[in-house]
Protein chains: 2
Amino acid sequence: MPQPRKRATIREVAKATGLSPASVSYALRGMQVSEETIERVRRVAAELGYEADPIARALASGRTGMIGLLCGSLEDLWQQALAVGIGRALKDNDRYALILDATGDPSRERTLARQLRDQRVDALIVQPVDPAAPLWAELCESLPVVSIGDSLAGARTAGEVVFDNRAGVTLALEHMRDRGHRRIAVLTPTRASTPDRPADVHVLAETARLGLDIEVVTAPQALAAATDVARRMLAGGHRAFFCFADSIAYGVYAASAEQGLRIPADVSVMGYDDHPMSGLLSPGLTTVDWDIDGIVRAAVRLVVAAADGNTRRRRIVQAPELRERGSVG
Amino acid sequence: MPQPRKRATIREVAKATGLSPASVSYALRGMQVSEETIERVRRVAAELGYEADPIARALASGRTGMIGLLCGSLEDLWQQALAVGIGRALKDNDRYALILDATGDPSRERTLARQLRDQRVDALIVQPVDPAAPLWAELCESLPVVSIGDSLAGARTAGEVVFDNRAGVTLALEHMRDRGHRRIAVLTPTRASTPDRPADVHVLAETARLGLDIEVVTAPQALAAATDVARRMLAGGHRAFFCFADSIAYGVYAASAEQGLRIPADVSVMGYDDHPMSGLLSPGLTTVDWDIDGIVRAAVRLVVAAADGNTRRRRIVQAPELRERGSVG
DNA sequence: ACGGTTCACTGAAACGGTTCACTGAAACGT
DNA sequence: ACGTTTCAGTGAACCGTTTCAGTGAACCGT
């Protein structure tokens, strides 16, 4: 087991400058002491290679400068892209992100959310698996929370970037109906048992309105697992798919290819998200685009403002756009 | 600003059980006290909703139970997959990962690596941007480090999962030569200025041996940026590409499609990594496969052992496999 | 000369755990 | 009856900061 090398503490800096630890602490944060002293302390600290211990700092001050990011399921390529984008945007704001993956499991979501709070993150961005969980209200009591995707029921969030799923679903299903599809398999991500999740409600409402015959099935976002599900649905005679995540649609591509079925001649697929790879497939995946960069920017702006103590709450609604590429025959 | 709700401390549990804080601390970790007391303390703690504060615990004990994961560049889809896989595998070991993204920048890599050490992660998995940096030797002094991809020069790592890049490069370049390509553009990720990075050395050696005419260019892994580079190379007359990451190869697909060039008829592309999406493209991307699951398992096994105090150092060499899918004409 | 500010800095108490060295009692062997 | 172990549990120092409530000196206007 390696030996932790001994590091300089604030007391040593205090000794070396002839000041009290308190003054050094203030000086290093540029408060309450004379310019001259600040300069001197900085110099001595640099000489000694002193850097404040983030753990001790967190314990004493309750602040860390970190932003927590709790993703619903990182198996999803789009969510991966979102996480990476948020991480980089936060970096540009001199913040840094703690990225955690709830793996689509509400109970893990609970555990990790609490863990982040206990880690003293200054604020939290969450892409909820179960937006109706009481957890969120509890969490909002103790730190600013920004949600992406869905509104958190009954919680005082510090901001929300929500998708207009009603419009998105309408766009998708009308497009499929216009192309002559009536019997549609809807593949949605595995998720909380909440039966009345907003997006699902819209699907039911719209299919009823448009007179469609749907079968809803949950599917994991990992390619291999999504392919399994798609394979089963193809075997069951389904030939038109509305996938609630591009990652799931990729599974339909894979399963169709295996069985020699051609898209869009034999099988029709719609995605939901627009991951960069969707444009590279042939045919390109027709999908519903949510402007991922806009979401990243909005979420980061909200969370940084909240972490800085800004209390103005905002709700930003993202409008969807149909990205037609030819996967619906 | 939300008010942190007051939480139970160990002293309150001590009061409630009539024990000393020390005993409670031991009891909750199942040490040094009688079974009966352990049971009682557990019960009372649960009643009070007590849970040990991880920050205070980290300060006092220097341990956190977390494993740090420092990725070279999360723009790369393969590295994203690796990070997600490692996160999930660690979860199965009841550990949890702190995922950070060096964004391909050696100086950020330094900062983040030190930050992880200061966060008291029990161990670190790193996919180095600059494997020759003196940083690693320093880091290995204070915590177990497992590296993925390259060996860390002069550092006493706790384990390594390295790729046999010599074999991988040979596999790729021989394949291209066998298909009749002589003039090849090599697209490598942006990286440290280290000119003698092992993989690059192999490329030069092999091209010389095989009598190839190469031009080496660095390219970012983000699709849009990689496409830009590919576009320029196509404009420069290049028609055969060896990309040192599948993500970069995707950029060649995109740029070729834009210009109406067909793969493999007009343009040939080889990747390096084998991301799941590579099999979905048409034609599938011919690439060098590194068995990502094996890497994940090996790295996690090594790092968990090291975090548990096991000092046996191991070096695992991954052998490449050519995954031929038709993108090389 | 005097009360009142301002300024630069300090002492000590947090923050919430862990761990070391120790204690008193019971159990043990002889 | 005695010295030795073992056991369950304790007191207090410690981890490395931050922050609150002062303190003494210099400076102010009158």
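In the text below, chain A, chain B and the rest are named by the order of the sequence lines, each starting its count at 1.
When the nearest nucleotides of DNA chain C are assigned to A:Leu59 and B:Ser25 by heavy-atom distance, the more 5′-ward of the two goes with A:Leu59. A residue-by-residue look at B:Ala22 and B:Ala56 shows that B:Ala22 has its nearest nucleotide of DNA chain D further toward the 5' end.
Atom-to-atom, CD of B:Glu51 to C1' of C:dG16 comes out at 14 Å; the value is rounded to the nearest Å. Spacing between atom CE of A:Met31 and atom P of D:dT18 amounts to 10 Å, rounded to whole angstrom units. Rounded to a whole Å, the CD1 atom of A:Ile10 is 12 Å from the P atom of C:dT10. Between A:Leu28 atom CG and D:dT19 atom P there is a gap of 13 Å when expressed in whole angstrom units. Taking atom CZ on B:Arg57 and atom P on C:dC15, their separation rounds to 19 Å, with Å as the unit. Rounded to a whole Å, the CZ atom of B:Arg7 is 9 Å from the P atom of C:dG16. C:dT18 atom P lies 11 Å from atom CZ of B:Arg63, rounded to whole Å. In this structure, A:Arg120 places its CZ atom 7 Å from P of C:dG16, rounding to the nearest Å.
For C:dG16, neither phosphate oxygen OP1 nor OP2 lies less than 4.0 angstrom from any side-chain nitrogen or oxygen of B:Thr9.
Pairs of Watson-Crick or G-U wobble type, with distances under 3.5 Å, assemble into runs of 3 or more in DNA chain C at these ranges: C:1-30 with D:1-30.
Counting heavy atoms from C-beta outward, B:Val300 and B:Ile86 have side chains that approach closer than 4.5 Å. Looking at B:Val303 and B:Pro144, their side chains never come closer than 4.5 Å, going by heavy atoms from C-beta outward.
Using a 4.0 Å cut-off between charged nitrogen and carboxylate oxygen, B:Asp105 and B:Arg110 do not count as a salt-bridge pair. Electrostatic pairing of B:Arg57 and A:Asp118 does not count as a salt bridge here, judged by no charged N lying under 4.0 Å from a carboxylate O. Under a 4.0 Å N-O distance rule, the pair B:Asp53/B:Arg7 does not qualify as a salt bridge. B:Glu138 and B:Arg114 are joined by a salt bridge, as a carboxylate oxygen and a charged side-chain nitrogen come within less than 4.0 angstrom of each other. Under the 4.0 Å criterion applied to side-chain N and carboxylate O atoms, B:Arg314 and B:Glu160 are not assigned as salt-bridge partners.
Nearest to the side-chain atoms of B:Arg29 among the listed nucleotides D:dG16, C:dT19, D:dT18 stands C:dT19.
B:Arg11 contributes a side-chain N or O that forms a donor-acceptor pair with the base of C:dG17 under 3.5 Å.
At least one donor-acceptor pair closer than 3.5 Å links the side chain of A:Trp136 to the backbone N or O of A:Asp130. B:Asp122 places no side-chain N or O within 3.5 Å of a backbone atom of B:Ala307 that could act as its donor or acceptor partner.
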For nucleotides 7-9 of chain D, give me every protein contact, N/O to N/O, under 3.5 Å, one pair per line with atom names.
unit_1, atom_1, unit_2, atom_2, d
D:dG9, OP1, B:Thr37, OG1, 2.9
D:dG9, OP2, B:Ser34, N, 3.3
D:dG9, OP2, B:Thr37, OG1, 3.0

